[in-house]
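Here the structure is a predicted model, which means the values were calculated and not measured.
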Amino acid sequence: EKALSDLKKVMMEGGVVKVKGVTVFFDCPDNLNYFTKPTGFHLRCALGWLVYFKCRERSKAQEIADEIFGKGAYKIQAKI
């Protein structure tokens, strides 16, 4: 339950959270209280923020995005 509240906070304010072993970075331009390198696969959420997934496979990033946002809500973009 704490992990879920952490995820909700990060989704609203930006930051970094682990979901099923994958580091997910919500890059909120207004919150400079965190730092991580934006690597891996990404998507742009409805708020206009880039959300980065640090993992080796696109399918794993898509699985985590589907879990966070709902299946099919977003499609993972190419690795940077």
Side-chain angles (χ1 to χ4, degrees):
E1 194 163 307
K2 182 184 179 333
L4 184 58
S5 68
D6 288 347
L7 176 60
K8 286 181 181 179
K9 182 177 180 192
V10 167
M11 288 176 73
M12 292 172 45
E13 300 175 8
V16 180
V17 67
K18 283 256 191 193
V19 179
K20 291 187 172 182
V22 174
T23 301
V24 183
F25 170 40
F26 285 78
D27 190 9
C28 171
D30 298 330
N31 185 349
L32 303 176
N33 294 327
Y34 55 85
F35 176 78
T36 190
K37 188 175 179 184
T39 60
F41 302 97
H42 68 282
L43 60 82
R44 185 173 300 274
C45 72
L47 295 173
W49 304 351
L50 286 171
V51 181
Y52 298 94
F53 300 83
K54 189 171 184 181
C55 56
R56 294 179 183 254
E57 298 172 0
R58 184 182 195 140
S59 60
K60 182 67 173 177
Q62 187 66 58
E63 174 189 331
I64 300 302
D66 287 346
E67 180 156 329
I68 293 171
F69 298 107
K71 188 155 180 71
Y74 295 99
K75 185 176 178 185
I76 294 295
Q77 302 299 309
K79 195 171 184 178
I80 30 179

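Under the 4.5 Å side-chain heavy-atom criterion for grouping Ile, Leu, Val, Met, Phe, Trp and Tyr, Leu47 is connected to Leu7 within one hydrophobic cluster.
Under the 4.5 Å side-chain criterion, counting only non-hydrogen atoms from C-beta, Lys60 is in contact with Val22. With contacts defined as side-chain heavy-atom distances shorter than 4.5 Å, the pair Phe53/Ile76 qualifies. Residues Phe25 and Val51 are not in side-chain contact: their nearest non-hydrogen atoms beyond the backbone lie 4.5 Å or more apart.
In this structure, CG on Leu50 lies 6.0 Å from NE2 on His42, to the nearest 0.5 angstrom.
Under the rule for a side-chain contact (heavy atoms from CB on, under 4.5 Å), the partners of Val10 that lie at least two apart in sequence or sit in another chain are Val17, Phe26. In this structure, the side-chain hydrogen bond (donor to acceptor under 3.5 Å, both in side chains) partners of Gln62, at least two apart in sequence or on a different chain, are Asp66.
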Which donor-acceptor pairs under 3.5 Å do the side chains of residues 67-75 make with protein atoms, sequence neighbours left out?
from  : atom 1 : to    : atom 2 : distance (Å)
Glu67 : OE1    : Lys20 : NZ     : 2.9
Tyr74 : OH     : Ala46 : N      : 2.8

Q) When you look at Val24 and Val16, which way does the side-chain contact (heavy atoms from CB on, under 4.5 Å) test go after all the steps? A) CA-CA 6 Å; Val24 183; Val16 180; over 6 Å; no

